[in-house]
Amino acid sequence: LPRDWQNRLLVGASYVFYGWVHPWFLLPFLATTLVDYSLARHIEARPRWGKALLVTSIVSNLLLLGFFKYYNFFVENAAAALASLGWNVSLPVMNVILPAGISFYTFQSIGYVADVYRRRTPACQRLIDYAVFVAFFPQLIAGLMMRAGQLLHQVRTARVFESGRVQGGLLLLLWGFFQKLVIADNVAVIANKVFALQSVTFPILWTGVLAFCIQILADFSAYTDIARGTGRLMGFELSQNFNHPYIAESPADFWKRWHISLSTWIRDYIYIPLGGSRMGPARAAITLLFVFTLIGLWHGASWNFIFWGLYHGAITLVYRVAAWGLPRPVQTFPGARMLRIALMFVLTNIGWLIFREQNVASLWRALTLSPADASVLDWKVAAYLCTVVGLYSIPLLIHTAIGNVPLPLPTRSWVAQCATGLLHFVGILLLRSSVSTDFIYFQF
């Protein structure tokens with residue numbers, strides 16, 4: 001098909017994909033598309049009204065997101081706060097299904113309007129092209145928030161079949177399926193059973209946290225790689241969203257490697273415009289905590305997500321102070337890098353416990369468990385489960401090692417790639433979990 005008809009086909013396919021189970025999902029989706037397309041064109045045509053139009057885009061998108069995702073959360077907490085003051089008020093609660101991917105496409109659309117306002121990208125003149133940018137089904141609900149400069153120019157460019165691109169796309173798809181079906185779904189069985197226990201001991205709990213740590217990386221990375229692979233099959237190159245986050249040496253390094261499209265979006269469109277680190281230490285610390293609170297709240301309408309965001313903000317501040325205060329020799333002694341990676345991995349897992357445990361009372365009990373209260377049998381069971389999790393983690397470790405070592409040219413040949421793809425395919429057939437789970441980030 002010529003480019004214009006390719007885009008029409010992509011829009012139609014994306015709308016069918018998105019509205020298949022719940023057609024009403026398309027209503028807020030179309031509203032975001034039409035409003036921001038129009039606002040961006042008016043910003044370019046009438047620059048003096050730019051700020052007001054940008055605010056209109058931000059407010060309309062946040063109202064849409066706030067209603068569907070946070071209305072009940074705020075109503076329930078407001079009612080609880082009033083009840084604590086002795087005012088028993090019955091506020092209306094609505095059972096509204098959260099439209100899939102609304103957190104992703106609203107932020108992506110706001111980013112586009114902001115880029116037009118800052119003159120970083122021209123306003124899209126054709127509605128069909130902008131509709132592809134917002135609705136592109138491989139990345140629509142997979143967590144990737146593409147920038148206009150990254151995706152819109154690909155939408156406007158003619159796309160032709162390239163065997164190398166298709167080959168790379170198929171390999172990404174197979175690796176994504178392997179991560180999901182073999183790694184994430186198998187360790188999810190352990191994590192789900194541990195977190196379903198009414199009473200849990202220290203070693204069993206942290207084995208479950210470790211399982212969830214591997215699950216969420218493999219699960220979300222799989223989601224991204226399947227999206228990127230599917231995009232390549234159709235001539236699109238989507239951005240990388242993960243860069244081996246569990247070898248991060250600090251919280252700042254972790255967020256440069258984890259959910260890169262979200263962390264960079266928050267940095268460029270919220271943190272830096274609020275002043276970033278340019279406003280003095282106290283103001284920078286408050287801004288940082290505010291931004292991380294938003295990251296936590298973005299993940300879900302629950303207090304544990306807010307605590308998770310605040311936790312990452314707090315450890316980021318602690319690391320900043322330590323970087324200023326620790327002598328240089330202490331930071332660079334032999335083995336310091338491995339120690340930093342190990343420490344950050346432990347801190348990350350504490351964060352995953354906060355992320356996974358949505359009941360605040362249960363979270364507090366989990367954080368106050370003592371290793372001394374566990375029996376010998378508990379430690380043996382935990383050792384066995386850790387071994388199982390470790391075995392399923394081996395492909396991720398190999399992938400991390402390969403990703404950090406320059407490979408010789410023969411390993412990139414079509415023979416080596418075919419062998420790798422075949423290995424993934426056979427692994428899926430033989431090792432996939434008998435229990436399927438939804439993608440974790442689908443709910444966001």
Engineer: Would you confirm whether Glu357, through its side chain, and Asn304, through its main-chain N or O, come within 3.5 Å as a donor-acceptor pair?
Structural biologist: no
Engineer: Using modelled atom types only, decide if a donor and an acceptor are shared between the side chain of Asp115 and the backbone of Thr121 within a distance under 3.5 Å.
Structural biologist: no
Engineer: Is there a side-chain contact between Leu347 and Pro251, using heavy atoms and a 4.5 Å cut-off?
Structural biologist: no
Engineer: Specify whether Phe212 and Phe195 have parallel, tilted or perpendicular ring planes, treating 30° as the upper limit for parallel and 60° as the lower limit for perpendicular.
Structural biologist: perpendicular
Engineer: Answer yes or no: is there a side-chain heavy-atom contact under 4.5 Å between Phe68 and Leu64?
Structural biologist: yes
Engineer: Check whether the side chains of Tyr441 and His299 place a donor and an acceptor atom closer than 3.5 Å, and report yes or no.
Structural biologist: yes
Engineer: Compare all side-chain heavy atoms of Ile216 with those of Phe355 and state whether any distance is below 4.5 angstrom.
Structural biologist: yes
Engineer: Go through the structure and list residues passing salt bridge (Lys or Arg N to Asp or Glu O under 4.0 Å) with Asp185, not counting sequence neighbours.
Structural biologist: Lys180
Engineer: Between the main-chain N or O of Gly149 and the side-chain N or O of His153, is there a donor-acceptor pair closer than 3.5 Å?
Structural biologist: yes
Engineer: Starting at CG of Leu54, measure out to CD1 of Ile110 and round the result to the nearest 0.5 Å.
Structural biologist: 9.0 Å
Engineer: With distance as the sole test, does Ser57 use its side chain to make a donor-acceptor pair with the main-chain N or O of Leu53 at under 3.5 Å?
Structural biologist: no
Engineer: Are the side chain of Ser302 and the backbone N or O of Phe305 linked by a donor-acceptor pair below 3.5 Å?
Structural biologist: no
Engineer: Would you give the length of the straight line joining atom OG of Ser103 to atom CD of Gln108, rounded to the nearest 0.5 angstrom?
Structural biologist: 12.5 Å
Engineer: With a 3.5 Å distance limit and no angle check, can you tell me whether Asp219 reaches the backbone of Ile440 through a side-chain donor-acceptor pair?
Structural biologist: yes
Engineer: With ring-ring contact (aromatic ring centres under 6.0 Å, His included) as the test, pick out the partner of Tyr112 among Phe107, Tyr37, Tyr130.
Structural biologist: Tyr130
Engineer: Distance only, no hydrogens: is a donor on one side chain within 3.5 Å (strictly under) of an acceptor on the other, for Ser375 and Asp378?
Structural biologist: yes
Engineer: Taking only residues at least two apart or on different chains, which pairs with a member in residues 275-296 satisfy ring-ring contact (aromatic ring centres under 6.0 Å, His included)?
Structural biologist: Trp255-Phe292
Engineer: Please round to the nearest 0.5 Å and tell me the distance separating atom CD of Gln240 and atom OG1 of Thr224.
Structural biologist: 9.5 Å
Engineer: Indicate whether any N or O donor in one side chain lies under 3.5 Å from an N or O acceptor in the other, for Asn192 and Arg356.
Structural biologist: yes
Engineer: Give me the one residue out of Arg232, Gln154, Gln150 that meets side chain to side chain donor-acceptor pair (under 3.5 Å) with Glu237.
Structural biologist: Arg232
Engineer: Roughly how far, to the nearest 0.5 Å, is the CG atom of Leu172 from the CG atom of Leu233?
Structural biologist: 9.5 Å
Engineer: Quick one, Ile394 and Leu391 - any side-chain contact, counting heavy atoms below 4.5 Å?
Structural biologist: yes
Engineer: Once the angle between the rings of Phe236 and Phe136 is folded into 0 to 90°, is it parallel (under 30°), tilted (30 to 60°) or perpendicular (over 60°)?
Structural biologist: tilted
Engineer: Go through the side-chain N and O atoms of Tyr392 and Ser433 and say whether any donor and acceptor fall under 3.5 Å apart.
Structural biologist: no
Engineer: Is there a donor in the side chain of Lys256 and an acceptor in the side chain of Ser263, or the other way round, less than 3.5 Å apart?
Structural biologist: no
Engineer: May I ask you to decide if Pro28's main-chain N or O and Thr32's side chain share a donor-acceptor pair within less than 3.5 Å?
Structural biologist: yes
Engineer: Just by modelled atom types, is the Ala123 backbone N or O under 3.5 Å from a matching donor or acceptor in the Glu44 side chain?
Structural biologist: yes
Engineer: Please report the interatomic distance CG(Leu397) to NE2(His399), rounded to the nearest 0.5 Å.
Structural biologist: 12.0 Å
Engineer: Quick check: does any side chain N or O of Lys69 sit under 3.5 Å from a backbone N or O of Trp298, one acting as donor and the other as acceptor?
Structural biologist: yes
Engineer: Just checking, any donor-acceptor pair under 3.5 angstrom between side chains of Asp225 and Gln179?
Structural biologist: yes
Engineer: Please examine the side chains of Leu217 and Pro245, heavy atoms only from C-beta on, and report whether any two atoms are closer than 4.5 Å.
Structural biologist: yes
Engineer: Taking atom types as modelled, is there a side-chain donor on Asn241 or Arg257 under 3.5 Å from an acceptor on the other?
Structural biologist: no
Engineer: Which donor-acceptor pairs under 3.5 Å do the side chains of residues 141-148 make with protein atoms, sequence neighbours left out?
Structural biologist:
| unit_1 | atom_1 | unit_2 | atom_2 | d |
| --- | --- | --- | --- | --- |
| Arg147 | NH1 | Asp268 | OD2 | 3.2 |
| Arg147 | NH2 | Thr264 | O | 3.1 |
| Arg147 | NH2 | Asp268 | OD2 | 3.0 |

Engineer: Between Phe254 and His312, how do the two ring planes meet: parallel, tilted or perpendicular, split at 30° and 60°?
Structural biologist: parallel
Engineer: Within the distance-only criterion (no hydrogens, no angle test), does the side chain of Asn349 pair as donor or acceptor with the backbone N or O of Phe345 below 3.5 angstrom?
Structural biologist: yes
